Q: 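Once you've had a glance at the structure underneath, I'll fire off some questions.
Please read all numbers here as calculations on a predicted model, not as lab measurements. Below, chains carry the letters A, B, ... as their sequence lines are ordered, and counting in each starts from 1.
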Amino acid sequence: MTQSALKTTTEVTPTARLVVPVGRLDFEASSSFQQAIENTIKEAGGAPVIVDCAQLDYVSSAGLRVFLVGARAAKLDNVPFCVCGLVDAVRRVFVVSGFDKLIAEHPDRAAALAAIK
Amino acid sequence: MDDPRAAETDLSTLMGELTSAWDAAGLPVDARFPFELALEEIFVNAITHGATAGETRHFDLRFSYARPRATLVLRDDAPPFDPLSLPAPDLAAGLDERGMGGLGIHLVRELMDEVSYRRVDGRNELTLSKHLD
């Protein structure tokens with residue numbers, strides 16, 4: 001049994017909820033990551049949800065799917081949803097997939113928090 | 001190794017094989033991403049298409065580097081399936097309309113320079129290559 005290569009933590013700030021994936025978001029890690037995203041959106045009570053990807057090294061189409069599911073769930077709950085801090089390789093995947101047009105993106109956490117004020 | 005067949009169908013093991021071959025070729029880590037992505041996408045396709053419960057799929061990889069071209073050859077014994085035949089995803093679709101079908105192979109095509117498929121010896125074989133400069 002291999003250990004998941006992704007660790008996900010959540011943080012609460014006065015203005016937002018943050019989901020912080022660290023490591024590799026591959027198909028084996030995608031279901032636990034999806035759970036973290038969906039729980040955070042549910043518990044946000046309308047507060048914005050930011051996925052801080054600064055320590056996310058890898059994402060595949062299975063991982064992208066979670067971002068899509070999360071963005072849809074957030075929209076249904078009227079929760080603002082965005083990503084920030086994409087490293088080059090991950091950003092490339094977002095752009096090539098057209099996800100940069102579906103999901104709001106900010107350069108880093110500070111910019112994301114400033115944008116939702 | 002206790003059960004080579006189980007190991008062959010484990011993505012972490014395959015990633016380890018790719019990483020070892022990559023490092024042995026002296027290639028930079030930051031250029032490996034497209035190959036890792038291709039391996040995952042093709043592997044997931046192979047184990048999800050036409051597999052029945054309890055069935056073991058054989059999946060193997062070969063990696064080679066002849067400057068400046070790196071080549072990854074992936075073979076599986078799933079029923080004949082050419083992932084390159086999948087229609088391209090609708091990248092212009094909005095959030096609610098957007099489907100995920102074909103996105104993995106779209107990524108592979110975009111991140112690699114050349115991708116080709118053939119059915120050989122009862123196996124699906126994908127050859128993926130990219131110039132590393």
Q: Please give me the minimum heavy-atom distance between A:Phe27 and B:Leu11, naming the atom from each residue.
A: CE2-CD2, 3.5 Å

Q: Are more than 12 heavy atoms from other residues, nucleotides or ligands located less than 6.0 Å from atom CZ of B:Arg119?
A: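 Counting neighbours around CZ of B:Arg119, more than 12 heavy atoms of other residues, nucleotides or ligands fall under 6.0 Å, so yes.
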
Q: Looking at A:Leu102, A:Ile103, A:Leu64, which makes the most heavy-atom pairs under 4.5 Å with chain B?
A: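 Ranked by heavy-atom pairs under 4.5 Å with chain B, first place is A:Leu102.
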
Q: Does one hydrophobic cluster hold both B:Ile42 and B:Leu18, with members joined at side-chain heavy-atom distances below 4.5 Å?
A: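 In one cluster with B:Ile42: B:Leu18, yes.
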
Q: Is there a continuous path of hydrophobic side-chain contacts, each under 4.5 Å between heavy atoms, that joins B:Leu107 to B:Leu84?
A: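 As far as the 4.5 Å side-chain criterion goes, B:Leu84 and B:Leu107 are connected within one cluster.
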
Q: Report yes or no: do B:Leu126 and B:Leu111 belong to one cluster of Ile/Leu/Val/Met/Phe/Trp/Tyr joined by side chain heavy-atom distances under 4.5 Å?
A: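 Yes, one cluster joins them.
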
Q: Is A:Asp88 close to chain B through its backbone or its side chain, or both, or neither, when contacts mean heavy atoms under 4.5 Å?
A: neither

Q: Given heavy-atom pairs under 4.5 angstrom as the criterion, report whether the side chain, backbone, both or neither of B:Ala92 touches chain A.
A: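 Nothing of B:Ala92, per the 4.5 Å heavy-atom cut-off to chain A.
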
Q: Same hydrophobic cluster for A:Leu86 and A:Val95, using side-chain heavy-atom links shorter than 4.5 Å among ILVMFWY?
A: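 The answer is no; the residues belong to distinct hydrophobic clusters.
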
Q: Starting at OG of A:Ser61, measure out to CG of B:Leu37 and round the result to the nearest 0.5 Å.
A: 7.0 Å

Q: B:Phe33 versus A:Arg92: any side-chain heavy-atom pair under 4.5 Å?
A: no

Q: To the nearest 0.5 Å, what is the distance between CZ (A:Arg24) and CD (B:Glu40)?
A: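 Atom-to-atom, A:Arg24:CZ and B:Glu40:CD are 8.0 Å apart.
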
Q: If I take atom CG from residue B:Leu103 and atom OG from residue A:Ser97, how far apart are they, to the nearest 0.5 angstrom?
A: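 Result: 4.5 Å between the selected atoms.
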
Q: Is B:Leu95 reachable from A:Val83 through a run of hydrophobic residues whose side-chain heavy atoms are each under 4.5 Å from the next?
A: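 Yes, A:Val83 connects to B:Leu95 through the hydrophobic network.
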
Q: With a 4.5 Å limit on heavy-atom distance, are the side chains of B:Asp96 and A:Lys75 in contact?
A: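 In short, these two side chains touch, coming nearer than 4.5 Å.
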
Q: Return the option, out of B:Glu36, B:His106, B:Glu41, B:Arg98, with the maximum number of heavy-atom pairs under 4.5 Å with chain A.
A: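 Counting heavy-atom pairs under 4.5 Å, the top option is B:Arg98.
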
Q: Evaluate whether atom CZ of A:Arg65 has more than 12 neighbouring non-hydrogen atoms of other residues, nucleotides or ligands under 6.0 angstrom away.
A: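 No - once you tally the heavy atoms of other residues, nucleotides and ligands closer than 6.0 Å, there are 12 at most.
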
